[in-house]
Amino acid sequence: MPSPLRGGRLAGAGGRLTEYVAYPPPPALRDLVAGSWRGQAGWSRRLRVLPDGCTELVWNGRELLVAGAVAHAVREPVEAEVVSVGVRLRPGAARTVFGCPANELPGRLEALHGRRARRWQESLAGDPRLALLRLVGELAGEPDRVALAAASLVAGGVSRLDAVGLSDRQLRRVFRDQVGYGPKTLHRVLRFQRFVRRLPAVAAGFGLAAVAADLGYADQSHLGRECLALSGSSPGALVRRWSAQREVGRNLPDR
């Protein structure tokens with residue numbers, strides 16, 4: 001069983017805890033799966049989820065959901081004390097696993113597989129996260145190496161897609177089918193996620209202007225506009241939220 005990659009706890013009213021643990025992908029699914037996670041909501045609310053370019057298969061305790069890649073923050077309802085698990089697919093793997101274009105994915109797996117999806121839901125006993133990984137392995141076809149390579153190259157800039165050897169029209173089809181949106185949008189989302197990973201450094205005093213330049217933004221204002229468009233918050237607000245959650249986690253007792 002993979003060891004947890006990262007996790008956290010957040011305290012709400014009355015000391016109720018929301019917990020989240022992320023796991024690395026199993027070796028057998030490393031080509032298609034970016035990781036898996038387990039979360040338990042301490043209190044009911046609409047949780048803000050930031051875009052990361054990934055598609056997910058999620059079990060919320062009642063049904064199997066398909067969460068397609070988004071280009072802006074979304075609010076997902078979570079219920080108190082409910083344990084959810086999910087498998088996060090790599091950008092470029094959605095159609096390979098679900099069998100339909102990524103930009104046409106329904107919100108529920110049952111819409112794709114009918115009664116079989118209901119049987120799968122009934123089989124998620126024991127450790128549902130591991131059961132979900134097995135299900136992804138059963139659903140997956142042969143990895144689309146071109147789509148995975150193209151999506152990986154986008155992280156370094158859209159201009160690098162010349163190395164794939166496809167026309168613009170072919171690239172648009174590949175990204176529509178396997179990612180859910182175009183290479184320019186994926187590049188923006190992945191660059192924003194690199195900024196999110198820099199929040200600890202910014203909170204420690206590393207300047208936003210320097211971070212913006214390092215990540216390839218035109219300037220600090222460009223970074224600010226992208227943060228607002230993709231997350232609904234300014235860079236400063238994201239840093240303050242990260243710092244507040246870190247302080248809460250530091251003061252929580254071990255369990």
Original post:
Would you say L153 and Y181 are hydrophobically clustered, going by side-chain heavy atoms of ILVMFWY under 4.5 Å?
Top reply: yes
Subject >> Pair listing, salt bridge (Lys or Arg N to Asp or Glu O under 4.0 Å) test, anchored in residues 204-227, at least two apart >> reply: R188-E226, R198-D214
Subject >> Heavy-atom closest pair, residues L199 and L238 >> reply: CD1-O, 4.0 Å
Subject >> Main-chain N/O of V239 paired to S243 side chain as donor or acceptor, under 3.5 Å >> reply: yes
**OP:** Kindly indicate whether the side chain of F192, heavy atoms from C-beta on, has any atom under 4.5 Å from the side chain of L223.
**Re:** no
Subject >> Same cluster (ILVMFWY, side-chain, under 4.5 Å), W43 and V82 >> reply: no
**OP:** Apply side-chain contact (heavy atoms from CB on, under 4.5 Å) to L135 and L64, showing your working.
**Re:** CA-CA 11 Å; L135 176 56; L64 287 166; 4.0 Å; yes
Original post:
Would a 4.5 Å heavy-atom cut-off, applied to side chains only, mark Q193 and L50 as touching?
Top reply: yes
Original post:
Atom CD of E63 and atom CZ of R108: how far apart are they, to the nearest 0.5 Å?
Top reply: 5.0 Å
**OP:** Answer whether the closest heavy-atom distance between the side chains of P235 and V202 falls below 4.5 Å.
**Re:** no
Extract all donor-acceptor atom pairs below 3.5 Å that involve side chains of residues 32-39 and protein atoms in other chains or at least two apart in sequence.
residue : atom : partner : partner atom : Å
S36     : OG   : R129    : NH1          : 2.8
W37     : NE1  : E56     : OE1          : 3.4

Kindly list each side-chain donor-acceptor pair under 3.5 angstrom involving residues 137-151, sequence neighbours excluded, with atom names and distances?
residue : atom : partner : partner atom : Å
D144    : OD1  : V146    : N            : 3.2
D144    : OD1  : A147    : N            : 3.0
R145    : NH1  : D31     : OD2          : 2.8
R145    : NH2  : D31     : OD2          : 3.1

Original post:
Closest approach of A80 and S44, non-hydrogen atoms and distance?
Top reply: N-OG, 2.9 Å
Original post:
What is the minimum heavy-atom distance between L215 and R191, and which atoms define it?
Top reply: O-CD, 3.1 Å
Original post:
What pair of heavy atoms forms the shortest contact from P91 to V179, and how long is it?
Top reply: C-CG2, 4.3 Å
Subject >> Distance (rounded to the nearest 0.5 Å) between L65 CG and E76 CD >> reply: 8.0 Å
Original post:
Do any N or O atoms from the side chain of H222 and from the backbone of Y217 form a donor-acceptor pair under 3.5 angstrom?
Top reply: no
Subject >> Heavy-atom side-chain contact between T185 and H187 under 4.5 Å >> reply: no
Original post:
Is it true that V211 and L230 fall in one hydrophobic cluster, defined by side-chain heavy atoms closer than 4.5 Å?
Top reply: yes
Original post:
Pairs in or reaching into residues 147-159: which pass salt bridge (Lys or Arg N to Asp or Glu O under 4.0 Å), with residues at least two apart or in two chains?
Top reply: none
Subject >> Same apolar cluster: V66 and V49, side chain cutoff 4.5 Å >> reply: no
**OP:** With the side chain counted from C-beta on, respond yes when V78 and S84 share a heavy-atom pair under 4.5 Å apart, and no when they do not.
**Re:** no
Original post:
When you check the gap from the basic side-chain N to the acidic O, do R45 and E79 get nearer than 4.0 Å?
Top reply: no
Original post:
Do P101 and Q178 touch side chain to side chain, with heavy atoms closer than 4.5 Å?
Top reply: no
Original post:
Of the non-hydrogen atoms in D52 and L190, which two are nearest, and what is the gap between them?
Top reply: O-CD2, 3.8 Å
Original post:
Can you list the steps and then say if L109 with F98 is a side-chain contact (heavy atoms from CB on, under 4.5 Å)?
Top reply: CA-CA 9 Å; L109 192 64; F98 294 113; 4.0 Å; yes
Original post:
V196, L186: one ILVMFWY side-chain cluster at the under-4.5 Å cut-off?
Top reply: yes
Subject >> Exercise: do Q40 and E81 side chains pair donor with acceptor under 3.5 Å >> reply: yes
**OP:** Begin from the C-alpha positions of R48 and S233 and carry the test side-chain hydrogen bond (donor to acceptor under 3.5 Å, both in side chains) through to its verdict.
**Re:** CA-CA 11 Å; R48 181 170 64 164; S233 295; 2.7 Å; yes
**OP:** Could you tell me which residues satisfy salt bridge (Lys or Arg N to Asp or Glu O under 4.0 Å) with R46, sequence neighbours excluded, listed by chain and number?
**Re:** none
**OP:** Can you sort out the partners of R118 under salt bridge (Lys or Arg N to Asp or Glu O under 4.0 Å), two or more places apart, ordered by chain and number?
**Re:** E110
Subject >> Least distance between heavy atoms, A102 atom then A94 atom >> reply: CB-CB, 3.7 Å
**OP:** Report the distance from atom CG of L171 to atom CG of L166, rounding to the nearest 0.5 Å.
**Re:** 5.0 Å
Subject >> Side-chain heavy-atom pair V70, V189 within 4.5 angstrom cut-off >> reply: no
**OP:** In sequence, state the C-alpha distance, the side-chain angles, and the governing distance for Y20 and L47, and then conclude on side-chain contact (heavy atoms from CB on, under 4.5 Å).
**Re:** CA-CA 13 Å; Y20 174 85; L47 181 69; over 6 Å; no
Original post:
Any side-chain heavy atom of F175 sitting closer than 4.5 Å to one from N103?
Top reply: no
**OP:** Step by step, work out the side-chain contact (heavy atoms from CB on, under 4.5 Å) result for R95 and D177.
**Re:** CA-CA 6 Å; R95 182 163 189 161; D177 283 0; 3.2 Å; yes
